[in-house]
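Reading through the structure tokens given below for one structure.
Chain letters run A, B, ... following the sequence lines, proteins first, then strands; residues in each count from 1.
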Amino acid sequence: MITRMSSLFLRTLREDPADAEVPSHRLLARGGYVRRVAPGGYSWLPLGLRVLRNIEQIVREEMDATGAQEIQFPALLPREPYEATNRWTEYGPNLFRLKDRKGADYLLGPTHEELFALTVKGEYSSYKDYPVTLYQIQTKYRDEARPRAGILRGREFVMKDSYSFDLDDEGLAASYQRHRDAYIRIFDRLGLNYVIVAATSGAMGGSASEEFLAVAPTGEDTFVRSTESGYAANVEAVTTPAPAEQPVDGRPDAQVHHTPNTPTIESLVDFLNGAGLGRVFTAADTLKNVLLKTRQPGEQDWTLLAVGLPGDREVDTKRLEAALEPAEVAMLEESDFARNPFLVKGYIGPGALLANGVRYLVDPRVVRGTAWVTGADKADHHVVDLLCGRDFTPDGTIEAAEVREGDPSPDGAGTLVAERGIEIGHIFQLGRKYADAFSLDALGPDSKPIRITMGSYGIGVSRLVAVIAEQSHDERGLIWPRQVAPADVHVVIAGKDETIVAGAEQLAAELDAAGLRVLLDDRKASPGVKFADAELVGVPTILVVGRGLANGVVEVKDRATGERVEVAVDIAVPHLVSLVRG
RNA sequence: CGGGGUGUAGCGCAGCUUGGUAGCGCACUCGCUUUGGGAGCGAGGGGCCGCAGGUUCAAAUCCUGUCACCCCGACCA
């Protein structure tokens with residue numbers, strides 16, 4: 001196919017749109033791929049739609065290859081199925097809700113577990129029908145609190161979501177693995193730099209879940225990876241290796257010290273080091289006890305919870321909440337302290353907590369035999385050499401402390417470094433939550449019902465357009481991988497001379513005949529404009545037909561490397577075909 | 001939801017302090033010249049200055065209110 005730029009619906013912008021910050025947003029807007037219509041809503045112009053469709057096609061091919069079958073649901077959905085799973089309310093403000101003229105409730109689908117489960121229930125009833133996997137590539141709607149970064153986080157986006165239906169856990173595990181393998185093939189074909197990280201299993205509890213994160217400094221998700229092994233994980237999922245336990249016998253007794261004017265960990269450490277105790281203390285020797293309250297879903301009352309962690313670490317709210325999910329977590333207010341006078345603010349120690357029945361969870365670094373400086377439950381007093389396992393025994397451990405670069409990797413190899421990523425895929429062993437909600441059963445060989453178990457697997461298809469742009473661009477513009485590029489060859493007519501125009505037209509026709517997709521810049525613009533636009537648009541191979549034609553040569557330029565080679569006109573077509581097919 | 005910022009031509013911006021004819025660059029139209037790195041000259045078209053009140057002889061500009069959008073954070077695939 002030949003696409004003529006003289007008639008292509010395309011206008012490139014010389015300047016960045018004022019609202020575009022991240023590279024993908026800037027370049028996709030400047031290159032005429034997308035246009036903003038509303039916060040978090042973008043139009044796909046011809047070039048952008050081609051890239052989107054190319055990505056869709058790769059996803060579709062690999063999904064089909066796993067045996068999954070494509071279907072499509074409406075985006076506009078009735079309330080009832082979501083009422084049955086409680087998600088009409090549970091999904092919260094992120095759900096787009098609307099009413100029809102009769103006042104009936106509808107929603108715009110944010111994800112489609114309910115519909116898939118109901119559809120399978122409607123069609124299948126025998127164990128002989130299973131397993132089955134269905135998927136769709138469809139527009140999803142989420143009323144994001146803050147859409148941002150162009151099409152990286154929109155309120156309307158294209159997602160591939162698939163769902164596996166199996167008779168037993170082994171089947172689910174196999175379906176999960178099939179998806180995992182397919183996702184690896186998809187993201188490899190797209191040429192992405194990505195990692196697979198362990199995700200927190202969340203409210204579903206215990207089921208396997210992994211995220212595919214494209215590595216990009218503009219990413220919203222922080223993950224850590226080991227400097228030496230292949231270990232990578234979401235910050236929420238990082239486990240802290242526990243140090244070896246130490247003997248308790250023969251250790252110095254705990255001693256209470258008067259420590260005036262030591263409201264912070266820093267001032268406490270300074271005070272201790274000036275107190276002539278014969279050794280040097282650091283913040284890591286102190287045990288900071290943070291008071292929280294938690295509330296289980298559906299309950300009215302809050303329960304106190306104390307978290308003890310080394311004084312040199314802050315609480316990481318995300319990790320804390322992930323560790324306590326599905327319970328709500330909140331900091332204590334003044335009134336809570338007033339109600340519990342045994343809590344001496346700033347001097348809380350394990351003693352008062354345990355004596356008053358407050359659940360006390362500690363960082364995994366707090367193991368038997370470790371000695372700590374901590375609050376003495378009395379204003380202006382701290383206790384030194386409080387020994388875990390001798391002087392206090394916590395109720396358990398919790399992953400609530402911040403993870404820092406340089407921390408040891410949980411797999412024992414190397415240390416951790418933090419990086420940013422963009423979530424491009426998520427695979428999840430859902431289990432029976434939705435099957436239970438709709439009584440999705442198959443009749444087994446013994447005529448007894450078997451409750452179906454499900455997996456759900458998503459890929460952010462439209463987001464991938466932006467992710468590829470994030471990972472593949474330079475200061476001049478986009479650089480598409482061949483597999484998704486809007487064309488195979490961008491032919492620039494550099495000159496108005498009739499023989500040049502005719503020669504370029506001829507080459508374009510031959511390339512088209514050879515089965516390549518050609519973008520032909522036949523506009524009456526100056527060569528400089530055309531070169532700049534070609535680099536902005538980012539087709540991987542640029543063919544310049546210009547003054548060299550008089551000597552029988554044209555110029556083939558590689559967009560990614562900038563390398564230019566002169567090629568004889570008569571072998572230009574086979575040369576380009578081998579480049580593109582190669 | 002907290003913090004910061006911005007609304008003036010399709011896009012990017014100045015003008016606002018100190019009220020008085022709405023401007024610049026890009027893009028667009030026409031003519032001539034130009035054609036290997038975002039051309040030159042000339043002539044044009046395009047505006048509810050976010051919206052609503054108020055002050056004033058007079059408001060893009062001052063006052064009040066309101067709406068929208070963007071960025072950072074919180075939250076969220």
Nearest-Å distance for atom pair CZ/C1', residues A/Arg30 and B/G38: 10 Å

Short heteroatom pairs, N/O only, protein and nucleotides 22-32 of chain B, under 3.5 Å:
from: B/G25; atom 1: N2; to: A/Glu15; atom 2: OE1; distance (Å): 3.2

task: For A/Glu535, check salt bridge (Lys or Arg N to Asp or Glu O under 4.0 Å) against everything at least two apart and list the hits.
output: A/Arg476, A/Lys557

task: Only counting residues at least two apart or in another chain, list the ones meeting salt bridge (Lys or Arg N to Asp or Glu O under 4.0 Å) with A/Glu56.
output: A/Arg53, A/Arg60

Atom-to-atom span, CZ of A/Phe531 to P of B/A39 - whole angstrom: 12 Å

message: Mind checking if A/Arg564 touches a base, just sugar-phosphate, or nothing, with heavy atoms under 4.0 Å?
response: base

Whole-Å gap separating C1' (B/G12) and CZ (A/Arg35): 13 Å

- request: Output all residues satisfying salt bridge (Lys or Arg N to Asp or Glu O under 4.0 Å) with A/Glu61, sequence neighbours left out; order by chain, then residue number.
  value: A/Arg189

Extract all donor-acceptor atom pairs below 3.5 Å that involve side chains of residues 8-19 of chain A and protein atoms in other chains or at least two apart in sequence.
from: A/Thr12; atom 1: OG1; to: A/Asp533; atom 2: OD1; distance (Å): 3.0
from: A/Thr12; atom 1: OG1; to: A/Asp533; atom 2: OD2; distance (Å): 3.3
from: A/Asp16; atom 1: OD2; to: A/Arg26; atom 2: NE; distance (Å): 3.0

- request: Answer with yes or no whether A/Lys557 presents, from its side chain, a donor or acceptor under 3.5 Å of a partner atom in the base of B/G36.
  value: no

field: Geometric class of the A/Phe428/A/His426 ring pair [parallel <30°, tilted 30-60°, perpendicular >60°]
entry: parallel

- line: Residues passing the side-chain contact (heavy atoms from CB on, under 4.5 Å) test with A/Arg313, sequence neighbours excluded, are A/Leu309, A/Pro310, A/Arg365, A/Ala401, A/Glu402, A/Arg404, A/Asp407

P-based separation of B/A60 from B/G19 [nearest Å]: 13 Å

message: Test of understanding: with salt bridge (Lys or Arg N to Asp or Glu O under 4.0 Å), list the residues that count as partners of A/Arg35, not counting sequence neighbours.
response: none

message: With a cut-off of less than 4.0 Å, is there a side-chain N or O of A/Ser526 near OP1 or OP2 of B/G38?
response: no

- prompt: When you compare B/C63 with B/U6, how far apart are their P atoms, in angstrom units rounded to a whole number?
  reply: 14 Å

query: Across all strands shown, which nucleotide pairs with B/G45 by Watson-Crick or G-U wobble geometry, both distances under 3.5 Å?
result: none

message: Please verify the inter-ring angle class for A/Phe187 with A/Phe212; under 30° counts as parallel, over 60° as perpendicular, anything in between as tilted.
response: tilted

query: Heavy atoms, side chains only, cut-off 4.5 Å: are A/Leu77 and A/Leu115 in contact?
result: yes

query: Considering only heavy atoms, which members of residues 535-546 of chain A lie under 4.0 Å from some atom of RNA chain B?
result: A/Glu535, A/Val544, A/Gly546

- line: Here the distance between atom P of B/G36 and atom CG of A/Asp533, to the nearest Å, is 17 Å

- request: Between B/U8 and B/C13, how far apart are the P atoms? Round to whole Å, please.
  value: 10 Å

- line: Paired to B/U18 by Watson-Crick or G-U wobble criteria (both distances under 3.5 Å) is none

- request: Using Watson-Crick or G-U wobble geometry with both distances below 3.5 Å, tell me the partner of B/G25, or none.
  value: B/C11

query: Parallel under 30°, tilted from 30 to 60°, perpendicular over 60°: which one fits the rings of A/Tyr33 and A/Trp480?
result: tilted

Between B/U21 and B/G37 - C1' atom distance, rounded Å: 42 Å

query: Using atom C1' of each nucleotide, how far apart are B/A43 and B/U61 to the nearest Å?
result: 33 Å

- request: Hunt down the Watson-Crick or G-U wobble partner of B/C69, both distances under 3.5 Å, from any strand shown, or write none.
  value: B/G5

- prompt: What is the distance from CG of A/Leu13 to C1' of B/G38, rounded to the nearest Å?
  reply: 13 Å

query: Base, sugar-phosphate, or nothing: which does A/Arg155 touch, judged by heavy atoms less than 4.0 Å apart?
result: nothing

statement: When both distances are under 3.5 Å in a Watson-Crick or G-U wobble arrangement, the nucleotide paired with B/A60 is none

task: Just grab all the side chain to side chain donor-acceptor pair (under 3.5 Å) pairs involving residues 483-493 of chain A, residues at least two apart or on different chains.
output: A/Asp488-A/Arg517

Integer angstrom distance from the P of B/C24 to that of B/G15: 15 Å

- line: Scoring nucleotides 70-77 of chain B by protein non-hydrogen atoms under 4.0 Å (B base, S sugar-phosphate only, - none) yields SBBBBBBB

query: So which nucleotide does B/U35 pair with, by the Watson-Crick or G-U wobble rule with both distances under 3.5 Å?
result: none

- prompt: Quick one: do A/Arg319 and A/Glu399 make a salt bridge, cutoff under 4.0 Å?
  reply: yes

message: Over all strands shown, is A/Lys160 touching base, sugar-phosphate only, or nothing at heavy-atom distances under 4.0 angstrom?
response: nothing

Quiz: residues 495-502 of chain A side-chain donor-acceptor pairs under 3.5 angstrom, not counting sequence neighbours:
from: A/Asp497; atom 1: OD1; to: A/Thr499; atom 2: N; distance (Å): 2.9
from: A/Asp497; atom 1: OD1; to: A/Thr499; atom 2: OG1; distance (Å): 2.4

task: For B/C75 versus B/G2, give the span between their P atoms, rounded off to a whole number of Å.
output: 16 Å

task: Indicate, with a heavy-atom threshold strictly under 4.0 Å, whether A/Asp497 touches base, sugar-phosphate, or nothing.
output: nothing

Contacts of type ring-ring contact (aromatic ring centres under 6.0 Å, His included), residue A/Tyr42, not counting sequence neighbours: A/His25

- prompt: When rounded to the nearest Å, what value does the distance between P atoms of B/A27 and B/G42 take?
  reply: 16 Å

